[in-house]
Structures are given as structure tokens and as C-alpha cells.
Amino acid sequence: MEDIVVGIDIGTTKVCALIGRIDKANQLNVLGVGTEACNGVRKGVIVDMDSTANSIKAAVEQAESMAGLRVGSAYANIPGIHVSVINNRTGINVSNENREITIKDVERLLYSARNVSVPEDRQIIDIIPKQYIIDGYDEIIDPVGMVGVKMEVDADVVAGKITSVQNIVRSMERAGIKTDGLVVEALATGEVVLTPEEKEMSVLLIDVGGGITDVSVFKSKKLVLCDSIPVGGDHITNDISIGLKIPYSEAEKVKREFGLALTSLIKNDQEFSVFDVNENRKKSIKVSEVVEIIEARVHEIFTLINDLLASNGIDSSNIAGVVLAGGGITNADGCIQLANEVFGIPVRVVSNRSLGIGKSEHITAAGIVKYIAVNAKGNNMSSDVKNIKQKAVKKEWGLFKRISKLFNNLF
Ligand SMILES: Nc1ncnc2c1ncn2[C@@H]1O[C@H](COP(=O)(O)OP(=O)(O)OP(=O)(O)O)[C@@H](O)[C@H]1O
Ligand SMILES: [Mg+2]
């Protein structure tokens, strides 16, 4: 099944597996999707492989039964905290006698782009061509079929921490899934939630997950910053739990019930009853007591991001807008005002409904599928899936996989 791609988002709070197909109009058709709680990941780092593998397996099984398909391989995400992006420009001579550029030339060129020194603890996981240059003419997006003598590429070489990469690959393996490749989380999420105009101008994408917040900046369609801060929605819950002396589970319930990040938006500051740390007793607290805590933490997250931008030489006033994504923030009314206050630029919140995606927790998995499909450009990068009653279909190696196989024998 050549055009089916499976994306697995391994998050701090949940694993989401999505089996999808991108149609000719670039729309994602979801064939199957499954989500399972995950306790094996802390702050974006896999700390318990068996537990993570169990969550992957369960999420994949749900997606399989919805799609009526059996999954043998899939792509997974890797958070920005585990990757570094190195820009590299390299060139080759076109091999064909008539100088027509073929897919083989492009593969050869992209292979040569990996000739860049990466730190010892990192391995290359992706090569993202930004533009091709043929005999000095730049900004070429798809060189196949064009004619030239020398072809160069301006590429982002993505290097992941070896231990993090291996932990993901092994957890997938334990779940019976072969890893087709890894996609940087911001690129996956960005593929779905950002408009082409936003990527073209310059945009700050903030994805507040459970344990980490992915921070990325796109400018002129390029990823110019890809990092994470180790704070997310679970820290808000923790603050509520400690601040109000209530159990963590009760704090999570309260946080979701009010869905507010700004005290000035409270309409009715009523009292309500919650379980005390001593779970047999109940006590009264006010809505404002909860929202004050949420507001302080969300404000702190945005301030930390502003500091991160500054330390990377990025001035937020030079960015056209902010896009807020991730379960840790998209459910909190008032986050737009808070972000606006800190960054001083227009802010919008991602809505899964307007994206045509069932639930917000599916966004990153959907993004993995879309990123792979969009970047396949005629190469077979599909995942290994078969009808439940069918025998395994032998699949072709796609460009990405051929490259990664040649590079590292990794996946
Ligand atoms: N309805 C809701 N109201 C408030 N917060 C919510 C709601 N639903 C989810 N959250 C919060 O969203 C966070 C999880 O978000 P998300 O699913 O994006 O994270 P993740 O992908 O599992 O984690 P990460 O990206 O950090 O690895 C949790 O902190 C959770 O409490
Ligand atoms: Mg996430």
C-alpha cells in the first residue's frame, strides 16, 4: 500500500498513532487513529522503554482496528530538545550526458550533504533541502527534469542525540514496529498548523505539551530555531496541586474544568469543593485561586521562551506572529492575551476543528504523516502496512530510507 504513512507521536502524556494518506489536493485522510496514555516519558526523554513500548503497541492496535490494517513500520517524532540543525551547502556534477537532472542525481547530492561534522554524541536523522542551485541559479525547489552541469543544494542537516534516537527506535521495536524515520516534532506540528504565509513571513510556534514546550521559529520557509524548554502543562497541574494542597489528580481535574489562564476573565469567582491532600476530606477553594496559579506559570513559560529567543539573537518584535499549539496551552482561555503581553506581537491559537483533525491530541501524529508525504515528492516513503488478512507486502526503499540506511544503518 504505497501511499499510506503511519505517524507515531510519542509524547510525555500520551502516544498517538495515526494511519493516513495524503490525497492529490494535499489533504490528509485519516484511515485509523489511536491514543494511549504514556508514563514512560519524562520531559521528552524516554525513561521506561517497556512502558513506552506498551503505550505504542496499544495506540497502534487501536489505529489498526479502525483502519482494518496491520502496521509493520512507522515514522516517529523527536522533540527539539534532542536535535541540532546544521546548515550545509554542497554540490555535484550532473552525471547524465545530456545534463538532464534525474532523481539519482538528487539522491547523490543529498547524500553528499551529510558530509558535515556533527558532534560525537549525535547522528544524522534527516536532510532537509532548502533550495537547489543549478549552474548558479538559486531558489529551485524541484530540480528533477531540469538541465545543468553543476547542481548544489542548500540543506539543513538534522542531527539527533544518539541515545535519544536509539531509545525511540528500541521502544518502537519492542512494540513490534520498525522505525521508518524520525521527524523533528516542530516540523511535524508546523506542517499541519502553520499556513504557508506564516512560514514565509516569520512565525514563532509554541507547542506546550505535558512535560516540555517545543519552541520553533520559521522564517522564509526555513526553520531558524528549534529548541525546547523543560516545562509544560503538567507543571501547571503540579503547581495547583502544591499551591492548593490537593492531590495531583484533583488538580488536573480542576485545571481542565475551568480552562482559564487569566484571572481578569473570571465571570463568577465562586467557591467550589475539592478533595484535600488527605483524600477523605473536602475543602472549599475559589476559582481565582486556581486561575492565579495557572496565569503565573503560563506567564513564566512565555517569559522563558522570550529569554530563549534572546539568547539565540532573535528579537520577538521582528517576528510576524505567534502560534500556540499543544494540549498544555490550547485549552486555556486568556493565553492569547498573556502571550501578546510578553511577545508584543499578534497571537493565535491552533484549533483542531478548523484543521479538520478530530482531536488536538492527533495534531503531531497527523503532522508526521503530512511531513513525510509532502517531502516524498514522488519517492516511495510509505510505511509498511498490509490488510489484516493479507500477507506482508514487500516495499520499496524510499529516498529518505535509502539515505538513512546508507548513512547509519540506523532504522
Ligand atoms: N482540556 C484540557 N484543559 C487543560 N489542559 C489540558 C486539557 N487537555 C489536556 N491538557 C493538558 O495538556 C498537556 C498535554 O498536552 P499534549 O497532549 O500536547 O502533550 P504531549 O504531547 O503528551 O507531551 P509532550 O509534547 O510534552 O511530550 C497536559 O499537561 C494536560 O494536562
Ligand atoms: Mg507533544
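Computed from heavy atoms alone, side chains included, the values below leave out hydrogens, waters and symmetry copies. Counting starts at 1 for both ligands and their atoms, in listed order.
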task: List, ordered by chain and residue number, the protein residues whose closest non-hydrogen atom lies under 4.0 Å from any atom of ligand 1.
output: Gly11, Thr12, Thr13, Lys14, Glu185, Val208, Gly209, Gly210, Gly211, Ile212, Gly233, Asp234, Glu252, Lys255, Arg256, Gly326, Gly327, Gly328, Asn331
- line: Hits for side-chain contact (heavy atoms from CB on, under 4.5 Å) against Ala155, two or more places apart or cross-chain, chain-then-number order -> Ala113, Ile127, Val153
message: Holding to side-chain contact (heavy atoms from CB on, under 4.5 Å), I want the full list of residues that pass it with Ala320, two or more places apart in sequence or in another chain.
response: Met201, Ser202
task: Work out which heavy atom in Tyr248 is nearest to a heavy atom in Ser241; give both atom names and the distance.
output: N-OG, 3.7 Å
task: Find the distance between CD1 (Ile4) and OG (Ser383) and round it off to the nearest 0.5 Å.
output: 9.0 Å
- request: Report yes if some heavy atom in the side chain of Cys38 is under 4.5 Å from a heavy atom in the side chain of Val41; otherwise report no.
  value: yes
Any pair counted as salt bridge (charged side-chain N to carboxylate O under 4.0 Å, His left out), so long as it reaches residues 338-354, sequence neighbours left out: Glu198-Arg348
